[in-house]
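Here's the structure, in structure tokens; my notes come after.
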Amino acid sequence: MAKIVSLSEAVAELVHDGDTAALEGFTHLIPFAAGHEIIRQGRRELTLVRMTPDLIYDQLIGAGCASKLVFSWGGNPGVGSLHRLRDALGNGWPAPLEIEEHSHAGMANRYVAGASGLPFAVLRGYAGTDLPLHTPTISTVTCPFTGEELAAVAALNPDVTIVHAQRADRAGNVQLWGITGVQKEAVLAAKRSLVTVEEIVDELTPVPGAVVLPSWAVTAVAEVPGGAAPSYAHGYYDRDNAAYRAWDTISRDRQAFTGWLRELGVQR
Amino acid sequence: MAKIVSLSEAVAELVHDGDTAALEGFTHLIPFAAGHEIIRQGRRELTLVRMTPDLIYDQLIGAGCASKLVFSWGGNPGVGSLHRLRDALGNGWPAPLEIEEHSHAGMANRYVAGASGLPFAVLRGYAGTDLPLHTPTISTVTCPFTGEELAAVAALNPDVTIVHAQRADRAGNVQLWGITGVQKEAVLAAKRSLVTVEEIVDELTPVPGAVVLPSWAVTAVAEVPGGAAPSYAHGYYDRDNAAYRAWDTISRDRQAFTGWLRELGVQR
Amino acid sequence: MGAAASSPDYTADEMMSIAAARSLRDGQVCFVGIGLPSTAANLARRLHAPGLVLVYESGTLDTRPAELPLSIGDGILTDSALTVVSVPEVFNYWLQPGRIDVGFLSGAQLDRFGNINTTVIGEYTEPDVRLPGSGGAPEIAASCREVSIVMRHRLRAFVEQVDFVTSVGYGTGPLDRRMLGLRGAGPVRVITDLGVLEPDPETSELVLTALHPGIAVEQVRAETGWDLEVSPDLMVTAAPSARELETLRGMRTVGSHPDDRNPDRTTEGATE
Amino acid sequence: MGAAASSPDYTADEMMSIAAARSLRDGQVCFVGIGLPSTAANLARRLHAPGLVLVYESGTLDTRPAELPLSIGDGILTDSALTVVSVPEVFNYWLQPGRIDVGFLSGAQLDRFGNINTTVIGEYTEPDVRLPGSGGAPEIAASCREVSIVMRHRLRAFVEQVDFVTSVGYGTGPLDRRMLGLRGAGPVRVITDLGVLEPDPETSELVLTALHPGIAVEQVRAETGWDLEVSPDLMVTAAPSARELETLRGMRTVGSHPDDRNPDRTTEGATE
């Protein structure tokens, strides 16, 4: 059964230096508040896993929390590049960053395999691309019935997955809706999981298109209203597109970024 | 885009002698009316695919429509055995019946592979059981990352899949809810598909837990109110448990069964 | 035969259901087949385990039916479920990775190593009796953290070796599960209408560890097709309490009918 | 440079979006990346293809946004979708089996065989420019029945050979797709702000098949890094109609802002 705890307790207990951590949410419901708490608590040497690194990983990388990034598309959606990511990759600032690069289909299937208790997943992918030359978690398998060769990707089983959802009930059952991305798979693939929610309610009224994560499949739930901003929480608040644009300016410059970190409450 | 047609037209056009046909629905939403229409139109030599053959396949088999059954659990749920199935297997009446037998997990994954355009699926299954000795669509694959051996099952791609749903709109988009079983996968795995629905409506109001099949993924839709009886359609009518019990008596006896066929409008 | 003669207050089947219910602990996640397992799990939920989480292979997660379902896919399971997932999902995301604490199984035949047959009696190609088949059982047996087997204790069912291995218990001995890559612990108890069998920790062979009240060891051995060993710590099951019996008898099956008094007619098939 | 000088009524980018929109037929199912593809597809839906089915990789199926989304996962896509599925499902059940008629892609580099690079300029381990990466593009390129590429025609982008193959066009020639097991037809057209390239049926090399109004062949060749062949049947694109321009200019991006006038700033990444 999921424990209901504060965000700082949850991060202190569930996210350790050196962990493989996945913060998921496909544009929608990105767990920004949890990411910021990881920065504040000064975690180091994380392997950060996420299909679309987005601002949240640009911030974690810039803050020096990560030593490796596993991803499939690293940009500021609708705006441009992730400058902290580029600075880490190109100049090792503030720390060198290793990468493991996949396609979306590959990453999604890695989570599916992880959630399914399988060591790998099969897909039609990567054939003819240069990705397998650089990514050891891409291989091939042969169909035992047809002899056809297909792509195989290694399962992802993060030490900890963090997602944001609209609601949980007092028993810790979680409900999210709108674009639900790979959140279910990312939570089920992980050894430990934290779900931050907009609100904790007495009862989870059914919602069309909702994904429900039973309490017994989640480690901890923390109530964090606004915890997905500047991304959005369908039915609660909209995406703050201006903040995404403003990040382009902040993140281009190390000094501006350090100022942003200071505002977050981080001294460096 | 799905065509909206009558049930008899749909069966005439989409189900051919010798086809591999899947009529799916896990206890709920079993497409009985479509099955009866196949009996009436006298199809022969079908390979019938279904996780839980249930009464509908007992009827099709007894009527002589099938030459092969692909399945994972063949009983009258909550009542007992399928006597027409047993008579076909044991005595070749009215025709010999070949079987291809799986577990539920295997069958479900065969549909998943079929829906995904993959030739096979991987699962933890069958190890140590006697099923692989008799079922050639069960094999093994080795994980290219860990060396672990896992079960592999061949994809199912029926010539035609038939399911029943609560509603469709006039464009042929389909909506079903409650226990949704493997219906989505069975439809997506098939070359052609027919969905019978309780009603055709102007607009598909969203329903919690609903699966929506877009019109462009369905071949034909036929309005058949009550088309799942004596199984049930969540929100429309309940399961007729008495009919399931009564079938035990009818199906035990070839003569009683032939009388039932006659009532269905079949002369033999 | 069985307990009914010496215990006029309850039937042997009732003792079996109650013993099965008692084996479940509050908060466990239980994968439930129809018939006896469903009766036992729903009974436990009404007695000592209100937080028992029931998962049915139809995809209904954490369901709390007010009445007993007649089949694994009854509407009553949907209405009371926390959520309903697809059948591929229930097997791939919920059962396969080992998220289920207890799987309940039954069968037409059970052997000394806890292997279950729900496929055929006799040869596969020319069977004496064709049974329903596997359903979800092989993977329930493989993947649940532990398995409980509930079935009536009859000589024709408790056999030296099953005619067909539908679901693996311990295979041919204590090393097989690991060699086969099965990650759950396997069958940790067999609850019958006569008593309870458990695997010997050394050999994995099922031995008699408890008798229901009024049942003699010889009665059990007479209904067992192998030379059944008896645990030195043989227990006697507590008789059903008034509350247990009352609760069990008060559970009504959906759309009920005089025939529904025995909700276990389908025990020959492990699950649907 | 480009068309703007000779055609004061519209920009070269507008011509490109309109040409891309025209390439879509009513009733097609289209896998849409953000930026130019999303603009073109939504424009087509408002013009001649009201029944165009848009699928975004965020899992929104058959979505009809009233405004243009800024990102691939905007709420506006959910609100107007027939249904929303998970990201694994959109790739596995919808893209992979070949259910999508047209995939729209863009890139930082495109080569003579239609291969696309959205990963790095330079060496992978020591890149000159690190680009966003693959996103959904490799499998879109592999599995859609056909692919349309939309990108600005610049010498640095239209190269002899891409530095990194993120998404396969025709590989090294006409036999590669079959040998690689790719089931879609590959890129059937490249729509730029100068004209249209299509693969030669024999060699699969991209050749110039249409010029936008006011553009000269030499202009295109000057912006192409290989010895661009010109089709003997070279066409001239029809200039944008008033209705096309008006509709394009009337499309507003969600939460719009002066910067949103160019909804294609992210064309360096094929999709998110």
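Atoms considered below: every heavy atom in the structure, side chains included; atoms not considered: hydrogens, waters and symmetry mates. Quick note on labels: first sequence line is chain A, next is B, and so on, each numbered from 1.
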#### Entry: Which of A:S231, A:A105, A:P53 touches chain D most, by non-hydrogen pairs under 4.5 Å
A:A105
## Note on the structure
What one should report as the nearest heavy-atom pair of A:R124 and D:R183 is NE-NH2, 3.1 Å
### Message
Are A:L123 and D:F91 packed together at the side-chain level, in the sense that at least one heavy-atom pair is separated by less than 4.5 angstrom?
### Response
no
### Summary
Closest non-hydrogen atoms of D:P88 and A:G181, given as atom of the first, atom of the second and distance, are CD-O, 3.6 Å
#### Entry: All salt bridge (Lys or Arg N to Asp or Glu O under 4.0 Å) counterparts of D:D200, not counting sequence neighbours
none
### Query
Picking from D:E126, D:M179, D:Q96, which has the most non-hydrogen pairs under 4.5 angstrom with chain A?
D:Q96
### Query
Taking every heavy-atom pair that is under 4.5 Å apart, which of A:H28, A:H234, A:M51, A:R239 has the most such pairs with chain D?
A:H234
### Query
Of the non-hydrogen atoms in D:P138 and A:T129, which two are nearest, and what is the gap between them?
CB-CG2, 4.3 Å
### Task
Nearest 0.5 Å please: distance from the CG atom of D:L95 over to the NE2 atom of A:H104.
11.5 Å
### Query
Contact part of D:E139 toward chain A, heavy-atom cut-off under 4.5 Å: side chain, backbone, both or neither?
side chain
### Message
Nearest 0.5 Å, please: how far is CG in A:L89 from OG1 in D:T125?
### Response
11.5 Å
### Query
CD of A:E199: more than 12 outside heavy atoms within 6.0 angstrom?
yes
### Which atoms of D:N92 approach chain A - backbone, side chain, both or neither, heavy atom under 4.5 Å
side chain
### Query
Does any N or O in the side chain of A:D130 come within less than 3.5 Å of the main-chain N or O of D:V165, such that one atom is a donor and the other an acceptor?
yes
### Task
Assess whether side-chain contact (heavy atoms from CB on, under 4.5 Å) is satisfied between A:L131 and D:F164, documenting all intermediate values.
CA-CA 9 Å; A:L131 282 162; D:F164 189 101; 4.1 Å; yes
### Query
Do the non-hydrogen side-chain atoms of D:V87 and A:M107 ever get within less than 4.5 Å of each other?
no
### Task
Give the member of A:G75, A:G178, A:G106 that has the highest number of heavy-atom pairs under 4.5 Å with chain D.
A:G178
#### Entry: Heavy-atom contact with chain A under 4.5 Å, split by part of D:L182
side chain
### Summary
Rounding to 0.5 Å, atoms OG (D:S134) and CZ (A:F71) come to a distance of 7.5 Å
#### Entry: Residue pair A:E185 / D:S86: nearest heavy atoms and the distance that separates them
OE2-OG, 4.5 Å
### Message
Do D:S58 and A:T27 have side chains that approach each other closer than 4.5 Å (heavy atoms only, starting at C-beta)?
### Response
no
### Task
For each of D:T83, D:V84, D:T166, D:D74, tally heavy-atom pairs with chain A at distances under 4.5 Å, and name the one with the top tally.
D:D74
### Task
Please report the shortest heavy-atom distance between D:G133 and A:E101, naming the atom on each side.
CA-OE2, 3.5 Å
### Message
Minimum heavy-atom separation for A:A127 and D:V168, please, with both atom names.
### Response
O-CG2, 3.4 Å
### chain A contact via D:T60 - side chain, backbone, both or neither, heavy atoms under 4.5 Å
side chain
### Task
Check for a donor-acceptor pair, side chain of D:Y124 on one end and backbone N or O of A:H134 on the other, with a separation under 3.5 Å.
no
## Note on the structure
Bottom line for A:L82: the part with an atom under 4.5 Å from chain D's heavy atoms is neither
